[in-house]
Asker: 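If you scroll down you'll find the structure; I have some questions about it.
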Amino acid sequence: MVHDRNPLYHPRYRRSNAYDPQWVFENLMGPHPLWLVEALVECLPIEPGMRVLDLGCGTALTSIFLAKEFGARVWATDLWVESSANEQRIAAAGVEDLVVPVHAEAHALPFESDFFDAVVSVDAYHYFGTADLYVGYLVDFLRPSGRVGIVVPGLTHEIGDRVPDELTPHWEWDFCSFHTPAWWAFHWEKTGKVRVDVADGIEDGWRDWLQFDEATASHTQGWRREGAVKSAAMLRADQGKNLCFSRVVATKN
Ligand SMILES: C[S@@+](CC[C@H](N)C(=O)[O-])C[C@H]1O[C@@H](n2cnc3c(N)ncnc32)[C@H](O)[C@@H]1O
């Protein structure tokens with residue numbers, strides 16, 4: 001879609017620019033999933049035919065993106081969204097031969113060991129992956145030297161039990177699962193199950209997050225608009241001092 005008619009145009013996310021912004025607004029569950037997965041594949045390249053587990057895929061936009069853009073075979077796996085709803089979205093996008101919707105809890109995954117070439121997870125891993133033992137469980141589903149990559153809301157520095165003053169009016173208790181890229185790298189590497197290849201903050205990630213919230217606030221109504229207005233206020237107050245997107249990619253040992 002051309003620049004001046006696309007409220008979600010972003011010069012960095014050239015593949016995402018081709019997707020209908022209305023489709024993104026209607027199916028959003030958090031910050032722009034296509035931007036986040038496009039940032040992830042910069043460090044975790046996806047090739048045609050790769051078997052990819054998209055864990056916590058929500059409405060499966062990222063799974064559809066990986067199938068359309070790279071020809072990956074994707075298992076679109078989520079807990080809160082029923083697989084029947086994702087099945088319809090996947091078929092409407094014309095990628096039903098590549099994307100399989102799966103309804104599963106992240107600790108009880110219905111897959112064989114060594115099955116996947118890659119696991120990706122966008123704005124979801126912090127809900128289920130902060131236990132020390134989780135990554136070890138998860139990488140059992142990867143083939144040897146398979147890769148796991150996540151993008152999650154994160155912190156520029158660990159804050160311990162003290163919420164920064166500028167964030168206090170906006171803080172929700174479950175933000176305690178936000179962590180720095182270095183925290184995630186240590187959290188994973190100490191298991192000995194993976195070698196971390198990349199652990200960084202997406203450059204200007206908080207600005208992208210704010211841009212998406214502002215566009216969402218202008219183009220949606222109801223709970224989507226309310227959520228975006230609230231989140232935008234927090235990001236404006238923070239100005240990138242504390243909040244970021246942590247991006248972590250590792251290879252199975
Ligand atoms: C904020 S939404 C993000 C969805 C999608 N990845 C996106 O970016 O639009 C978080 C997702 O994590 C999934 N999730 C949370 N806890 C989970 C669990 N224990 N097992 C599987 N999925 C889980 C939810 O079902 C939800 O769809």
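Read the numbers this way: they start at 1 and go in the same order the structure lists the ligands and their atoms.
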Asker: Please write down residue, atom name and distance for the protein heavy atom closest to atom 20 (N) of ligand 1.
Answerer: Ala106 N, 2.8 Å
Asker: Quick one: are Ile90 and Ser63 in side-chain contact, heavy atoms under 4.5 Å?
Answerer: no
Asker: With a cutoff of 4.0 Å, is Pro31 in contact with ligand 1, counting heavy atoms of the residue only?
Answerer: no
Asker: For ligand 1, which atoms sit closer than 4.0 Å to a heavy atom of Pro33?
Answerer: 7 (C), 8 (O), 9 (O)
Asker: For ligand 1, which atoms sit closer than 4.0 Å to a heavy atom of Val122?
Answerer: 5 (C), 6 (N), 8 (O)
Asker: Kindly indicate whether a cation-pi arrangement holds for Arg15 with Phe65, taking the cut-offs as under 6.0 Å to the six-membered ring centre and within 45° of the axis.
Answerer: no
Asker: Should Tyr125 and Val151 be regarded as members of a common hydrophobic cluster, given that ILVMFWY residues are connected when their side-chain heavy atoms come within less than 4.5 Å of each other, either directly or indirectly?
Answerer: no
Asker: Check whether Phe128 and Trp184 end up in the same hydrophobic cluster, where Ile, Leu, Val, Met, Phe, Trp and Tyr are linked by side-chain heavy atoms less than 4.5 Å apart.
Answerer: yes
Asker: Is there a side-chain contact between Glu172 and Met234 in this structure, where contact means two heavy atoms from C-beta onward sitting under 4.5 Å apart?
Answerer: no
Asker: Can you pull out the closest protein heavy atom to atom 17 (C) of ligand 1? Residue, atom name and distance to 0.1 Å, please.
Answerer: Phe128 CD2, 3.4 Å
Asker: Closest non-hydrogen protein atom to atom 12 (O) of ligand 1, residue and atom name please, with distance?
Answerer: Ala124 CB, 3.5 Å
Asker: Please check whether Trp80 reaches ligand 1 - meaning an N/O of the residue sits under 3.5 Å from an N/O of the ligand, judged on distance alone.
Answerer: yes
Asker: Quick one: are the ring centres of Trp80 and Tyr127 less than 6.0 Å apart?
Answerer: yes
Asker: I would like to know whether His157 and Asn242 meet side-chain hydrogen bond (donor to acceptor under 3.5 Å, both in side chains); could you show each step before the answer?
Answerer: CA-CA 7 Å; His157 57 107; Asn242 303 286; 2.7 Å; yes
Asker: Using distance alone, determine whether Tyr127 and ligand 1 share an N or O pair under 3.5 Å.
Answerer: no
Asker: Which ligand 1 atoms does Cys57 reach within 4.0 Å, using its non-hydrogen atoms?
Answerer: 5 (C), 6 (N)
Asker: In terms of atom number and element, which parts of ligand 1 are under 4.0 angstrom from non-hydrogen atoms of Glu105?
Answerer: 18 (C), 19 (N), 20 (N)
Asker: Out of the candidates Thr59, Asp123, Val122, only one should pair with Met29 under the side chain to side chain contact (heavy atoms under 4.5 Å, CB included) rule; please name it.
Answerer: Thr59
Asker: Side chains of His187 and His179, heavy atoms from C-beta outward: is any pair under 4.5 Å?
Answerer: no
Asker: What residue and atom, counting heavy atoms only, is the protein's closest point to atom 3 (C) of ligand 1, and at what distance?
Answerer: Asp123 O, 3.4 Å
Asker: Numbering the atoms of ligand 1 from 1, which are under 4.0 Å from a heavy atom of Gly56?
Answerer: 4 (C), 5 (C), 6 (N), 11 (C), 12 (O), 13 (C)
Asker: Answer yes or no: does an N/O atom from Val81 fall short of 3.5 Å to an N/O atom of ligand 1?
Answerer: no
Asker: Among all protein heavy atoms, pick the one closest to atom 13 (C) of ligand 1 and tell me residue, atom and distance.
Answerer: Asp78 OD1, 3.4 Å
Asker: For Pro101, is there any backbone N or O sitting under 3.5 Å from a side-chain donor or acceptor partner on Glu87?
Answerer: no
Asker: Hey, looking at atom 21 (C) of ligand 1, which of Leu79, Val120, Leu28 has the closest heavy atom?
Answerer: Leu79
